[in-house]
Amino acid sequence: MNRIQFGEGACEKTRKYLDSYISNELLVETNHEVLRHLESCPSCAAEADARTQLRSRLKSAVNAEPAPPELQVLVRDKIRNTRSNSWFAATWIPWAAATAAAVVLSVGLWVNHRAGNLPALTDRSAQNTYIQKVSATIAGVFRLGLGDHLHCSIFRKYPKNPPAPEKMEADLGPNYKGLLPVVHRAVPEGYRVIMAHQCSYLGRPYVHLTFEKDGALLSLVVAHKKDGESLGGTSQSASPSGVPIYQVAAQSYQVAGFEAGEFLAYVVSDQHAATNLELASTLAPGVRAFLIKAAG
Amino acid sequence: MFFSSQRPRTDEFEAVAMPHMNDIYRAAARMLGDGTGAGDVVQDVYLQAWKSFNQFELGTNCRAWLFKILFHTLHHYRRKWLNLRMVKEGDEILEQTPAAGPPLPEHITDEALLAALAEIPQDFRAVVMLVDVEEFSYKEAAGILNVPIGTIMSRISRARRLLREKLADVAQSYGIGLTNQEGSKSA
């Protein structure tokens with residue numbers, strides 16, 4: 001390492017090193033010489049200051065722009081889909097050729113636990129811990145919908161063949177008997193209702209409808225408001241048909257909530273953020289009108 | 001044993017790669033000129049990173065590794081969709097770059113700064129993003145862009161000067177004052 005001594009032509013030499021000085025890329029000795037010159041030369045000091053300011057302002061301007069909040073969910077979805085398609089096929093399927101029966105069983109278990117690290121179906125305590133852990137990052141008013149979705153749609157052993165619509169309507173009770181047709185008309189083609197009932201999770205009653213399409217589950221969860229609960233304090237995501245919808249992500253799940261008079265309603269799934277929001281937007285007007293009428 | 005040798009390291013990927021997503025997104029947005037398409041590029045970057053994560057050595061610089069994938073992805077993205085001629089564009093402007101930069105305008109907005117950044121050639125913008133915004137060392141930036149360190153040094157110098165010229169043009173057009181002793185020249 002040669003020590004640089006500026007001496008004659010110091011301004012020219014300083015400016016030659018100025019960008020590396022600002023980037024903190026100079027050797028200690030050269031850095032010292034630049035500093036010494038800047039202390040005694042207002043012109044070079046002003047030039048250094050201008051370049052440093054530009055760097056600082058530029059960094060600040062670029063960093064002021066956040067990534068879209070749904071991007072993390074989209075990335076995780078993309079990776080998860082790849083994992084289930086390519087990695088899964090590359091590692092499990094060859095092995096399955098030799099042990100087909102065992103693999104069929106394993107695939108079934110894996111599909112049922114697609115959200116990853118799910119506790120055993122019979123371990124209720126571990127399920128509650130899992131629900132609390134997944135819900136930890138979202139506001140309490142959103143945990144209601146997510147908790148009941150996980151409790152009933154993910155962990156509950158609903159029958160392979162759904163009950164008849166009449167049975168499900170009866171399970172909803174007289175106050176919510178007409179809700180099922182309203183929701184069924186609004187959900188996109190391909191979804192089939194597999195569960196509709198009144199249930200209770202952590203001592204709170206809910207009305208819960210679950211739909212399925214190609215193995216993906218979608219819940220509509222309805223709860224009475226308590227103690228001034230409101231979604232209004234959270235960030236609004238959409239407002240189609242005049243119904244404000246608020247959506248948050250919790251790990252791989254999307255929870256879109258909207259208010260309907262005395263009720264809080266949630267659309268919950270593990271689909272893309274945009275898809276879940278679109279589903280909620282489609283369901284909200286009809287469901288809201290039904291619930292307000294039912295309460296009246 | 002069957003799983004442990006081949007299962008992708010999901011938890012490790014989550015811990016070392018996912019925290020850098022904002023940085024990757026912002027760099028993609030600025031390299032594309034605005035946010036349009038940046039989300040798609042970020043998804044492609046992370047998917048590529050995930051697929052090759054078994055080759056990533058824990059303890060090495062994951063952020064630099066992700067940026068290397070980002071610029072590789074952007075290179076193909078531009079060739080496929082935008083058909084940009086990066087190097088020639090930069091070289092042409094290199095010849096026109098004066099030896100000294102104008103002073104930095106006062107009261108310049110973030111929007112004006114980002115607009116000026118969008119106007120400089122892609123190669124220079126890449127170096128500014130890596131060195132000035134992301135604060136990578138010259139050596140790291142050279143590794144990410146796969147160019148010699150000397151190229152990084154010359155590009156950062158010229159990129160900063162170009163930025164100041166663009167900003168000076170903006171300042172002049174809006175009658176904004178300039179900093180330092182030359183400020184009195186402006187309207």
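Every value quoted in this text rests on a predicted model; they were computed, and no experiment measured them. Chain identifiers are assigned alphabetically (A, B, ...) following the order of the sequence lines, protein sequences preceding nucleic acid strands; residue numbering begins at 1 within each chain.
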A.B. asks: Please identify each residue that fulfils side chain to side chain contact (heavy atoms under 4.5 Å, CB included) with B:Leu145, with sequence neighbours left out.
C.D. replies: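 B:Leu145 satisfies side chain to side chain contact (heavy atoms under 4.5 Å, CB included) with B:Phe71, B:Ala126, B:Val127, B:Leu130, B:Val147, B:Ile152 only.
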
A.B. asks: Taking all non-hydrogen atoms of both residues, which atom of B:Arg26 and which atom of A:Pro66 are closest, and how far apart?
C.D. replies: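 Here B:Arg26 and A:Pro66 meet closest at NH1-CA, 4.3 Å.
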
A.B. asks: Name, in order of residue number, those residues of residues 135-142 of chain B that have a heavy atom at a distance of less than 4.5 Å from a heavy atom in chain A; otherwise write 'none'.
C.D. replies: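 Near chain A, by residue number: B:Glu135, B:Ser137, B:Tyr138.
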
A.B. asks: Specify the closest pair of heavy atoms between B:Asn22 and A:Ala67, including all atoms of both residues, with the distance to one decimal.
C.D. replies: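 Between these two residues, the closest heavy atoms are OD1-CB, 2.9 Å.
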
A.B. asks: Highest number of heavy-atom pairs under 4.5 Å with chain A: which of B:Asp132, B:Ile156, B:Ile24?
C.D. replies: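 Maximum pair count with chain A is reached by B:Asp132.
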
A.B. asks: Got a sec: does the CD of B:Gln43 have more than 12 other heavy atoms crowding it under 6.0 Å?
C.D. replies: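 Counting other residues, nucleotides and ligands, CD of B:Gln43 exceeds 12 neighbours.
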
A.B. asks: At a heavy-atom separation under 4.5 Å, does B:Glu111 approach chain A through its side chain, its backbone, both, or neither?
C.D. replies: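 No part of B:Glu111 comes within 4.5 Å of chain A.
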
A.B. asks: Looking at chain B, which one of A:Leu18, A:Val75, A:Ile22, A:Leu74 has the largest number of heavy-atom pairs inside 4.5 Å, strictly under?
C.D. replies: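 Result: the option with the highest number of such pairs is A:Val75.
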
A.B. asks: Under a 3.5 Å distance rule, please check whether B:Arg160 uses its side chain to pair with a backbone N or O of A:Arg51 as donor and acceptor.
C.D. replies: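 Checking the backbone N and O of A:Arg51 against the side chain of B:Arg160, no donor-acceptor pair under 3.5 Å is found.
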
A.B. asks: Give, as side chain, backbone, both or neither, the part of B:Met153 having an atom under 4.5 angstrom from any heavy atom of chain A.
C.D. replies: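 The answer is the side chain of B:Met153.
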
A.B. asks: Please name the pair of heavy atoms, one in B:Arg30 and one in A:Val62, separated by the smallest distance, quoted to 0.1 Å.
C.D. replies: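 In terms of heavy atoms, the two residues are closest at CD-CG2, 3.8 Å.
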
A.B. asks: Pick one of side chain, backbone, both or neither for A:Gln72, based on which atoms fall under 4.5 Å of a heavy atom in chain B.
C.D. replies: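 It is both, since atoms from each part get that close.
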
A.B. asks: At a 4.5 Å cut-off on heavy atoms, which part of B:Val45 comes close to chain A: side chain, backbone, both, or neither?
C.D. replies: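 When you check distances to chain A, no heavy atom of B:Val45 falls under 4.5 Å.
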
A.B. asks: Rounded to the nearest 0.5 Å, what separation is found between the CZ atom of A:Arg76 and the CE atom of B:Met21?
C.D. replies: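 Going from the CZ atom of A:Arg76 to the CE atom of B:Met21 covers 6.5 Å.
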
A.B. asks: Does any backbone or side-chain atom of A:Asn63 lie under 4.5 Å from a heavy atom of chain B? Answer side chain, backbone, both or neither.
C.D. replies: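 Interface part for A:Asn63: both.
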
A.B. asks: Between atom CG of A:Leu58 and atom CE of B:Met129, what is the distance when rounded to the nearest 0.5 Å?
C.D. replies: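 Here the interatomic distance stands at 7.5 Å.
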
A.B. asks: Is there a side-chain contact between B:Leu113 and A:Leu54 (heavy atoms, below 4.5 Å)?
C.D. replies: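 Contact flag for B:Leu113/A:Leu54 side chains = yes.
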
A.B. asks: Would you confirm whether A:Arg57, through its side chain, and B:Ile108, through its main-chain N or O, come within 3.5 Å as a donor-acceptor pair?
C.D. replies: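 The answer is yes, because a donor-acceptor pair under 3.5 Å joins these two groups.
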
A.B. asks: Which residue is it: B:Val131, B:Val128, B:Val133? I am looking for the one with a side-chain contact (heavy atoms from CB on, under 4.5 Å) to A:Arg55.
C.D. replies: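 Among B:Val131, B:Val128, B:Val133, the one that satisfies the side-chain contact (heavy atoms from CB on, under 4.5 Å) with A:Arg55 is B:Val131.
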
A.B. asks: Report the distance from atom CZ of B:Arg158 to atom CG of A:Asp19, rounding to the nearest 0.5 Å.
C.D. replies: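 Going from CZ on B:Arg158 over to CG on A:Asp19, the span is 10.5 Å.
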
A.B. asks: Identify the heavy atoms of A:Ala64 and B:Asp110 that sit nearest to each other, and give their distance.
C.D. replies: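 Taking every non-hydrogen atom into account, CB-OD2, 4.2 Å.
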
